[in-house]
A.B. asks: 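Have a look at this one.
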Amino acid sequence: MIRSLRGMNDILEEEQYRRFNHFHNVACHVAMRYGFHYIETPLLEETALFKRSVGESSDIVGKEMYQFTDKGGNDICLRPEGTAGVVRAFIQHKYDKKGGIHRFFYHGPMFRYERPQKGRLREFHQFGVESFGLASVYEDASLIMMVSDIFNALGIGYTLQLNSLGCHECMPPYREKLIAFIEQHADTICGDCQRRKATNPIRVLDCKNSACQAIYAHAPKLMDHLCTSCNTDFTTLTLLLDKEHIAYTIDTHLVRGLDYYSKTAFEFISNDIGAQSAIAGGGRYDRLIEFLDGKPTPAVGFAIGVERLLELIKLPQQEREGYYFGAMDHEALPLLLQLGQRKRRSEKTIIEYSAKSLKAHLKNADRVYARYCVVIGANELKENTLWVKDLVNKKEQHIPVDSF
RNA sequence: GUGAGAUUAGCUCAGCUGGUUAGAGCACUGGUUUGUGGUGCCGGGGGUCGCGGGUUCGAAUCCCGUAUCUCACCCCA
C-alpha cells in the first residue's frame, strides 16, 4: 500500500474540515476588517530567497528545507514559511517604489523537513499577515490586537509574551556584551549553548536547560541596552496594549528563530497543546526589504500555526440539517429523484436510490443527520402526496406533491 | 539528527511465561411476520497480527533489522 509521506496528512474527516474552515473564515474576516488584502504566492521559490531572508544560521534554512534542483537546473525549494514570498512579491511588483502603506494576509501550506510530533508536521498550514510602509509601533500593537481578536472569536485562551530585539543601532553592541558573558561561563553551559554562541548567541537565552537558565538569569538583558527609539517604542506598545486590556508578560529571553526580526517580537502561547506551544508569532522586520534588494521599507507581521490551533477551537454543536429522500416502492424512485433533485437547489439533500422499508429509511435519515425524512410509499403514490417527518420534533405530515 | 513508547478487524483494544480454527465492544450489512429513527431482538461479512529476516517441531507472542505513528529533545507557527 502506498501511504502519504511522513508528516504529511490528508484532511478528509468532516470534523477536521469544519475546524479548518471555521478558522479560515474567522481569520480572513478579521484580517479584512483591519484593512488587509489577500495575497497568494507560489509554494516553490528560489532557494536563495530563503537563504537571504530567513537566514543561513537558522535551522529552517540549515537543515529543514525541501530543497532540490528542477529540470531546468534551478536551485529551488518548497516554502518553509510565508513572509519571504510575500516580501519578494512586494518588491518584484514594485510596491516598495510606489510608497504608501500595503497590508496583506495569506494562508496555505508550508514545508519543513522536521521530525513530526504533536503540533508539528512536515506539511503544515500558516495564516499570516504582513504590513509594509509603517514604522509606527501603533501598527505593531494593531497586529497583536488582531491576533487577539482572532483567538477571542475562536474561543481560544492564550498568554502573550513580548520582547524587543533592538535595532541595528543597539543590537550589535548588546550582542558583543552577551558573547563576552557567555565566554565567562563557557565551561558551565550546555553543549547546545556552546554551539549557539558561534551561530546565534541570542538563542542561548531561550535554552530549556535549567542549569543554563540559572546562569542566564544574570546575563545582560537587551531590554536594558535598547536605544532611545527602541525603548520609547516598546514602552508605547505596552501602554497601547494596557489600554486594550490585552494581558502580556515581558519575556526578555524571547527571541525569534528567523534572522530578519528586529524591535518588537511577540509570541502567543497555549498551555493546552503539548510542547509545541507557540500558536502565533511575529514581530517587526524593518531591514528585510532592503536585504532583498528593495527600497528600505518598514514592515511588521505575524503567522499563526493552523494545526496547533485546530484542536483548541470549540466548534458550535452541529444541528440536524436538510432532507433525506427515500422510497418504499421501486416504481416511486424516478419521482423521488425528481423531487429530491428540486430540493437540492436550496437544501442539503440525500437521496436513497433503492426501495427500502420505512424503518430502514428512518434509520438512514438519522445516520446522515438529516432534519427531515421524506418517504414515498404505496399510499403516497396513490394519493400523490409525500410523507414528511421532522426528526427533531417528531411531527409528521402528508404534503401534496404539487405544493412541496 | 537524538531518545522513549507503540503498531492485532473500518475504529478502540484484549490475547497470561511461544502451542494448533486470533477474540470483544463499537461500526458496517441482512432480517425482525401489516409503514416509524437515534434507544429492542436474531444473523452475517470482515484480519497474510506494519514489513523483512532469524530462533523453534511450532511465533501475534522471543531476537535482529526496517517503515510508520505517538510523545519528548532540537527547532519553530
Side-chain angles (χ1 to χ4, degrees), chain A residues 1-9 13 27 54 57-65 79-83 107-129 147 158 190-193 195-196 199-200 203 206-209 254-258 261 266-270 273-283 301-310 312 320 324 326-329 354-373 375-381 387-392 394-396 398:
Chain A
M1 180 176 58
I2 297 174
R3 302 178 45 101
S4 66
L5 294 173
R6 183 172 213 188
M8 302 202 176
N9 294 162
E13 297 207 346
V54 178
S57 74
S58 72
D59 278 28
I60 294 178
V61 170
K63 49 190 193 192
E64 295 174 2
M65 288 205 296
R79 62 181 185 190
E81 57 95 48
T83 300
H107 54 78
M110 308 293 163
F111 302 85
R112 272 132 83 159
Y113 193 85
E114 299 184 273
R115 189 84 172 260
Q117 73 183 70
K118 191 177 177 69
R120 192 173 71 187
L121 294 166
R122 288 184 172 181
E123 178 178 12
F124 62 104
H125 294 77
Q126 286 191 340
F127 173 93
V129 315
V147 179
Y158 61 83
C190 70
D192 285 330
C193 285
R195 183 175 49 77
R196 291 185 183 109
T199 57
N200 197 345
R203 285 223 74 94
D206 206 22
C207 184
K208 301 220 167 46
N209 186 312
L254 170 68
V255 296
R256 307 265 67 225
L258 289 65
Y261 287 108
F266 58 88
E267 204 159 273
F268 285 75
I269 309 288
S270 166
I273 51 168
Q276 304 302 314
S277 58
I279 47 178
F302 70 76
I304 293 175
V306 178
E307 279 81 1
R308 291 181 186 180
L309 227 52
L310 290 191
L312 295 171
R320 284 186 179 279
Y324 169 93
M328 297 173 69
D329 292 291
S354 58
K356 287 184 188 327
S357 69
L358 181 63
K359 189 182 183 101
H361 283 312
L362 281 160
K363 261 188 183 167
N364 285 351
D366 188 54
R367 190 171 30 223
V368 300
Y369 219 55
R371 172 75 196 261
Y372 300 100
C373 180
V375 175
I376 305 176
N379 301 345
E380 289 77 20
L381 213 47
W387 179 85
V388 181
K389 178 163 185 174
D390 183 329
L391 265 27
V392 175
K394 301 172 199 271
K395 281 184 186 149
E396 46 194 86
H398 277 92

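Atoms considered below: every heavy atom in the structure, side chains included; atoms not considered: hydrogens, waters and symmetry mates. Per chain, numbering begins at 1; letters A, B, ... match sequence-line order.
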A.B. asks: Can you tell me how far P in B:rG10 sits from the matching atom in B:rC28, rounded to whole Å?
C.D. replies: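 So the two P atoms sit 15 Å from each other.
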A.B. asks: For A:N379 and for A:G274, find the nucleotide of RNA chain B with the closest heavy atom, then tell me which residue's nucleotide is more 5'.
C.D. replies: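 The answer here is A:N379.
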A.B. asks: Please name the nucleotide paired to B:rA72 by Watson-Crick or G-U wobble geometry with both distances under 3.5 Å, or report none.
C.D. replies: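 B:rU2 is the nucleotide pairing with B:rA72.
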A.B. asks: Check every strand shown and say whether A:Q276 touches a base, only sugar-phosphate, or nothing at a heavy-atom separation below 4.0 Å.
C.D. replies: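 Contact class for A:Q276: base.
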A.B. asks: Using a cut-off of 4.0 Å on non-hydrogen atoms, how would the nucleic acid contact of A:E380 be classed: base, sugar-phosphate, or nothing?
C.D. replies: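 Counting heavy atoms under 4.0 Å across all strands, the contact made by A:E380 includes a base.
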A.B. asks: Would you mind reading off the distance between A:R308 atom CZ and B:rC75 atom P, rounded to a whole angstrom?
C.D. replies: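 After rounding, the gap between these two atoms is 14 Å.
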A.B. asks: Provide the distance between the two P atoms, one in B:rA27 and one in B:rU17, to the nearest whole Å.
C.D. replies: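 Pairwise P distance, B:rA27 against B:rU17, rounds to 33 Å.
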A.B. asks: Counting only Watson-Crick pairs (N1-N3 plus N6-O4 or O6-N4) and G-U wobbles (N1-O2, O6-N3), all under 3.5 Å, who is the partner of B:rC57?
C.D. replies: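 Matched B:rC57 with B:rG19 under the 3.5 Å cut-off.
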A.B. asks: Whole-Å distance between B:rC76 P and A:Y113 OH?
C.D. replies: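 That distance rounds to 19 Å.
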A.B. asks: Would you measure the distance from the P atom in B:rA22 across to the matching atom in B:rA59 and give it in whole Å?
C.D. replies: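 That atom pair is separated by 13 Å.
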A.B. asks: Determine the contact category for A:G119: base if any of its heavy atoms lies under 4.0 Å from a base atom, sugar-phosphate if only primed atoms, P, OP1 or OP2 are that close, otherwise nothing.
C.D. replies: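 Base contact.
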A.B. asks: Please classify the nucleic acid contact of A:R3 as base, sugar-phosphate, or nothing, using heavy-atom distances under 4.0 Å.
C.D. replies: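 Contact class for A:R3: sugar-phosphate only.
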A.B. asks: How is A:A365 classified with respect to the nucleic acid when contacts are heavy atoms under 4.0 Å: base, sugar-phosphate, or nothing?
C.D. replies: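 The residue A:A365 makes no contact with any strand.
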A.B. asks: Might you work through the side-chain contact (heavy atoms from CB on, under 4.5 Å) test for A:R122 and A:R6, ending with a clear yes or no?
C.D. replies: CA-CA 7 Å; A:R122 288 184 172 181; A:R6 183 172 213 188; 3.9 Å; yes
A.B. asks: Can you tell me if A:H361 uses its side chain to pair, donor with acceptor, with the backbone of A:A327 under 3.5 Å?
C.D. replies: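 It does hold such a pair.
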A.B. asks: Does B:rC28 have its OP1 or OP2 closer than 4.0 Å to a side-chain nitrogen or oxygen of A:R367?
C.D. replies: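 Answer is yes, contact under 4.0 Å.
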A.B. asks: Kindly compute the distance separating CZ (A:F124) from CG (A:N9), expressed to the nearest 0.5 Å.
C.D. replies: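 Between atom CZ of A:F124 and atom CG of A:N9 there are 13.0 Å.
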A.B. asks: B:rU66, OP1 or OP2 - any side-chain N/O from A:R6 closer than 4.0 Å?
C.D. replies: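 Negative; the distance criterion is not met.
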A.B. asks: When the C1' atoms of B:rG58 and B:rG19 are compared, how many Å lie between them, rounded to an integer?
C.D. replies: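 B:rG19 and B:rG58 have their C1' atoms separated by 7 Å.
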A.B. asks: Separation of A:R79 atom CZ from B:rC76 atom C1', in whole Å?
C.D. replies: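 Taking atom C1' of B:rC76 as the reference, CZ of A:R79 is at 17 Å.
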A.B. asks: Between A:E114 and A:R120, is there a salt bridge with N-O shorter than 4.0 Å?
C.D. replies: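 Salt bridge present between A:R120 and A:E114.
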A.B. asks: Quick test of your reading of the model: are A:R320 and A:D366 salt-bridged, counting only N-O distances below 4.0 Å?
C.D. replies: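 Salt bridge between A:R320 and A:D366, a charged N being under 4.0 Å from a carboxylate O: yes.
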A.B. asks: Contact class for A:F127 vs. all strands (heavy atom < 4.0 Å): base, sugar-phosphate, or nothing?
C.D. replies: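 Nothing: the residue A:F127, judged by heavy atoms under 4.0 Å, touches no strand.
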A.B. asks: Give, for atom NZ of A:K363 and atom CZ of A:R367, the distance between the pair rounded to the nearest 0.5 Å.
C.D. replies: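 Between A:K363 NZ and A:R367 CZ, I get 8.5 Å after rounding to 0.5 Å.
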A.B. asks: For B:rC41 and B:rC26, measure between their P atoms and round to the nearest Å.
C.D. replies: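 That atom pair is separated by 10 Å.
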A.B. asks: Verify the contact: side-chain N or O of A:R115 to OP1 or OP2 of B:rC75, cut-off strictly under 4.0 Å; return yes or no.
C.D. replies: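 So the side chain of A:R115 is outside the cut-off, no N or O lying under 4.0 Å from OP1 or OP2 of B:rC75.
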A.B. asks: When the P atoms of B:rA60 and B:rG52 are compared, how many Å lie between them, rounded to an integer?
C.D. replies: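 13 Å, rounded to whole Å.
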A.B. asks: Sort out the partner of B:rA24 for me: Watson-Crick or G-U wobble, both distances under 3.5 Å, none otherwise.
C.D. replies: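 Pair assignment: B:rA24 / B:rU12.
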A.B. asks: B:rU68 C1' sits how many Å from A:Q117 CD, rounded?
C.D. replies: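 So the two atoms are 16 Å apart, to the nearest Å.
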A.B. asks: Please state whether the rings of A:F302 and A:F127 are parallel, tilted or perpendicular, taking 30° and 60° as the class boundaries.
C.D. replies: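 If you compare the ring of A:F302 with that of A:F127, the planes turn out tilted.
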A.B. asks: Can you tell me the pairing partner of B:rU66 across any strand shown, Watson-Crick or G-U wobble, with both distances under 3.5 angstrom?
C.D. replies: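 Answer to the pairing question: B:rG50, which forms a Watson-Crick or G-U pair with B:rU66.
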A.B. asks: Regarding A:K359, tell me which of base, sugar-phosphate or nothing describes its non-hydrogen contacts under 4.0 Å with the strands shown.
C.D. replies: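 Answer is base: heavy atoms of A:K359 come under 4.0 Å of a base.
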A.B. asks: Quick one: label A:N364 by what it contacts on the DNA or RNA (base, sugar-phosphate, nothing), any heavy atom closer than 4.0 Å.
C.D. replies: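 Nothing, no nucleic acid heavy atom in range.
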A.B. asks: In whole angstrom, give the distance that lies between atom CE of A:M65 and atom P of B:rG1.
C.D. replies: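 Rounding to the nearest Å, CE of A:M65 and P of B:rG1 are 17 Å apart.
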A.B. asks: By the 4.0 Å heavy-atom rule, please label A:G82 as base, sugar-phosphate, or nothing.
C.D. replies: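 No contact.
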A.B. asks: Is the base of B:rG35 stacked against the aromatic ring of A:W387, taking ring centres under 5.5 Å apart and planes under 30° as the test?
C.D. replies: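 No.
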A.B. asks: Students often get this wrong, so: under 4.0 angstrom with heavy atoms, is A:E64 touching a base, only sugar-phosphate, or nothing?
C.D. replies: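 Sugar-phosphate only.
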A.B. asks: Can you tell me how far C1' in B:rC74 sits from the matching atom in B:rU2, rounded to whole Å?
C.D. replies: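 B:rC74 and B:rU2 have their C1' atoms separated by 8 Å.
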A.B. asks: Take the protein atom NE2 of A:H361 and the nucleotide atom P of B:rG35, then report the distance between them rounded to whole Å.
C.D. replies: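 A:H361 atom NE2 is separated from B:rG35 atom P by 12 Å.
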A.B. asks: Check every strand shown and say whether A:I279 touches a base, only sugar-phosphate, or nothing at a heavy-atom separation below 4.0 Å.
C.D. replies: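 Result for A:I279 = sugar-phosphate.
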A.B. asks: Of the nucleotides B:rG37, B:rC75, B:rG35, which one has an atom closest to the side chain of A:R120?
C.D. replies: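 Closest of the options to the side chain of A:R120: B:rC75.
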A.B. asks: For B:rG18 versus B:rU55, give the span between their C1' atoms, rounded off to a whole number of Å.
C.D. replies: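 Here B:rG18 and B:rU55 have their C1' atoms 11 Å from each other.
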A.B. asks: In Watson-Crick or G-U wobble terms, both distances under 3.5 Å, what is the partner of B:rG45?
C.D. replies: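 Because no pair has both required distances under 3.5 Å, B:rG45 counts as unpaired.
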A.B. asks: Counting Watson-Crick and G-U wobble pairs only, both distances under 3.5 Å, name the nucleotide matched with B:rG37, or none.
C.D. replies: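 Check on B:rG37: unpaired, no WC or wobble geometry under 3.5 Å.
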A.B. asks: Of the options B:rC74, B:rA72, B:rC69, whose atoms approach the side-chain atoms of A:A275 most closely?
C.D. replies: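 When the side chain of A:A275 is considered, B:rA72 is the closest of B:rC74, B:rA72, B:rC69.
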A.B. asks: Answer with yes or no whether A:K389 presents, from its side chain, a donor or acceptor under 3.5 Å of a partner atom in the base of B:rU36.
C.D. replies: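 Under the 3.5 Å cut-off, the side chain and the base do form a donor-acceptor pair.
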A.B. asks: May I ask you to check whether A:Q126 and A:H107 show a side-chain donor-acceptor distance below 3.5 Å?
C.D. replies: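 Absent: no donor and acceptor within the cut-off.
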A.B. asks: To the nearest Å, how far apart are A:I60 CD1 and B:rC74 P?
C.D. replies: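 In whole Å, B:rC74 P lies 16 Å from A:I60 CD1.
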A.B. asks: Take A:K118 and A:R320, find for each the nucleotide of RNA chain B with the closest heavy atom, and name the residue whose nucleotide sits nearer the 5' end.
C.D. replies: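 The answer here is A:R320.
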A.B. asks: Roughly how far, to the nearest 0.5 Å, is the CD1 atom of A:I269 from the CD atom of A:Q276?
C.D. replies: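 Between atom CD of A:Q276 and atom CD1 of A:I269 there are 10.5 Å.
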A.B. asks: Please give, in whole Å, the distance from B:rG35 P to A:H398 NE2?
C.D. replies: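 In whole Å, B:rG35 P lies 13 Å from A:H398 NE2.
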